[in-house]
Amino acid sequence: MREKPQSADLLHWYDRHARNLPWRVPPGAEVDPDPYRVWLSEVMLQQTTVAAVKSYFERFTTLWPTVSNLADAEDQAVMGEWAGLGYYARARNLLKCARVVRDAHGGRFPDQREDLLKLPGIGPYTASAIAAIAFDRAETVVDGNVERVMARLYDIHTPLPAAKPELTEKAAGLTPDLRPGDYAQAVMDLGATICTPRNPACGICPWSAACIARVNRTAAELPKKTPKKPKPIRHGIAYVARREDGAWLLEQRPDKGLLGGMLGWPGSDWTEADPLPAPPIEADWHDPNAEVRHTFTHFHLRLTLRLATLPMTAAPERGTFLSQTEFRPANLPTVMRKAFDLARDPLTKD
DNA sequence: AAGCCGGGGTT
DNA sequence: AACCCAGGCTT
């Protein structure tokens with residue numbers, strides 16, 4: 001009978017190999033983690049890599065050192081700082097959550113999973129992560145890393161997402177009462193650095209002796225996943241206009257849906273058929289003969305550009321002018337910044 | 001249960 | 001260019 005993986009073995013590995021991350025309190029440190037920083041980092045890390053998150057985390061915590069500071073911020077300031085990180089509903093829910101914590105919880109995060117779960121933008125994974133890491137509660141975190149580690153330890157071939165309940169059960173069975181916060185981070189670090197999606201480093205894995213997939217040589221093909229649907233191609237038109245004083249014509253996108261609440265160029269809907277032109281103002285729109293290509297979660301976009309220089313008297317039906325000093329391209333979501341990059345040269349040379 | 005949400009990295 | 005990675009919300 002193969003021995004059950006021991007949490008103590010993993011904690012021992014973590015004590016020596018824990019990654020140094022801006023939001024992490026290293027194992028053995030005498031300070032308690034700040035729930036605000038744990039929450040902020042975990043929300044940023046949803047579907048997003050450590051490398052992409054680092055600079056955003058540093059900027060957010062510098063601008064807003066506490067959850068109440070963040071709750072007091074302007075919506076557009078937060079959305080602008082989130083630009084480029086993706087999944088913008090996270091930023092809208094981040095603000096909602098900060099304001100609930102400020103107004104209903106006296107500026108302190110709840111310390112129980114069940115209460116965390118009620119907050120906007122906090123689901124099963126994030127609630128467990130905050131409870132375990134910030135409050136050292138024996139909750140089980142199940143993210144993509146943990147799913148992969150469990151699928152391999154127990155050689156589970158059921159494809160995701162159907163396998164999720166079984167993988168969660170296996171993970172819960174391993175969660176210790178001793179140092180659950182460090183343990184949660186240790187399993188995820190193991191998945192991120194040793195038990196990787198391709199070419200897992202089984203030779204140096206602290207749990208290799210207990211791993212069934214290692215014996216069966218199936219580790220590299222686990223976890224199985226149900227095949228995904230192909231992405232259709234959608235087309236659209238974006239209108240990039242600059243007034244003679246250098247101000248840019250932009251609009252805030254509606255709060256729901258794609259890029260919700262973000263700044264963008266006025267334009268047509270994005271459809272699989274040819275898009276209907278929808279200029280925000282009558283003007284001499286010209287064709288820069290370049291197209292923005294961008295891929296979203298569920299479709300490819302080919303965005304045609306139209307450029308114009310507008311007189312000071314222009315009164316567009318859509319959008320508002322942002323002066324050169326108000327407008328920061330870094331506050332645009334990536335597809336809109338790509339459009340700006342193509343439009344800036346033709347529109348900024350006198 | 002299935003669809004809606006970005007972006008970056010690797011092959 | 002195709003593929004891979006990866007939580008929460010909505011319907």
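Being a predicted model, the structure only gives us computed values, none of them experimental. Chain A is the first sequence line, chain B the second, and so forth, proteins listed ahead of strands; every chain is numbered from 1.
Between A:Leu116 and A:Ala131 the shortest heavy-atom distance is CD1-N, 3.8 Å.
Here A:His298 and A:Phe296 keep their ring centres 6.0 angstrom or further from each other. Taking the ring centroids of A:Phe60 and A:Phe57, they lie at or beyond the 6.0 Å cut-off.
One C1' atom belongs to B:dC5, the other to C:dC5, and the distance between them is 15 Å to the nearest Å.
The residue among A:Gln46 and A:Asn199 whose nearest nucleotide of DNA chain B is located toward the 5' end is A:Gln46. For A:Arg293 and A:Lys225, each mapped to the nucleotide of DNA chain C holding its nearest heavy atom, the one lying further toward the 5' end belongs to A:Arg293.
No engagement by A:Arg92 is indicated, since no non-hydrogen atom pair under 4.0 Å with the nucleic acid exists. At a threshold of 4.0 angstrom between heavy atoms, the contacts of A:Arg198 are confined to the sugar-phosphate backbone, with no base atom among them. Residue A:Leu45 is out of contact with every strand shown, counting any heavy-atom pair closer than 4.0 Å. In this structure, A:Lys228 reaches the sugar-phosphate backbone alone: every heavy-atom distance under 4.0 Å involves primed, P, OP1 or OP2 atoms, never a base. Within 4.0 Å (heavy atoms only), A:Pro161 reaches no atom of the nucleic acid at all.
Atom CZ of A:Arg234 is separated from atom C1' of B:dC4 by 10 Å (rounded to the nearest Å). Following rounding to the nearest Å, A:Arg337 (CZ) and B:dG7 (C1') show an atom-to-atom distance of 11 Å. Look at NZ on A:Lys229: it is 11 Å from P on B:dA2, rounded to the nearest Å. Rounded to whole angstrom, the span from the CD atom of A:Glu221 across to the P atom of C:dC3 amounts to 19 Å.
Regarding contacts with the backbone of C:dC9, every side-chain N or O of A:Tyr87 stays at 4.0 angstrom or more from both OP1 and OP2. For the OP1/OP2 pair of B:dG3 and a distance below 4.0 Å, the side-chain nitrogens and oxygens of A:His298 include no atom meeting the criterion. For A:Thr49 and B:dG8, the shortest distance from a side-chain N or O to OP1 or OP2 is not below 4.0 Å. Taking side-chain N and O atoms only, A:Thr126 has a distance below 4.0 Å to OP1 or OP2 of C:dG8.
Taking every heavy atom of residues 253-272 of chain A and every atom of DNA chain B, pairs under 4.0 Å involve A:Gly257, A:Leu258, A:Leu259, by number.
Nearest to the side chain of A:Arg148, among B:dG7, C:dC5, C:dG8, sits C:dC5. Closest approach to the A:Pro333 side chain among C:dC5, B:dG7, C:dG7 is made by B:dG7 (side chain taken as heavy atoms from C-beta onward).
For the 3.5 Å distance criterion, the side chains of A:Gln46 and A:Tyr125 fail to qualify, holding no donor opposite an acceptor. Residues A:Ser68 and A:Arg102 have side chains that never bring a donor and an acceptor to within less than 3.5 angstrom of each other.
In this structure, NZ in A:Lys224 is found 6.5 Å from NE2 in A:His157, a value given to the nearest 0.5 Å.
Other members of the hydrophobic cluster containing A:Val31, listed by chain and number, are A:Val25; membership follows side-chain contacts under 4.5 Å among ILVMFWY residues, whether direct or relayed.
Each of A:Val149, A:Asn216, A:Asp155, A:Leu153 was checked for a side chain to side chain contact (heavy atoms under 4.5 Å, CB included) with A:Cys211, and the lone residue meeting it is A:Leu153.
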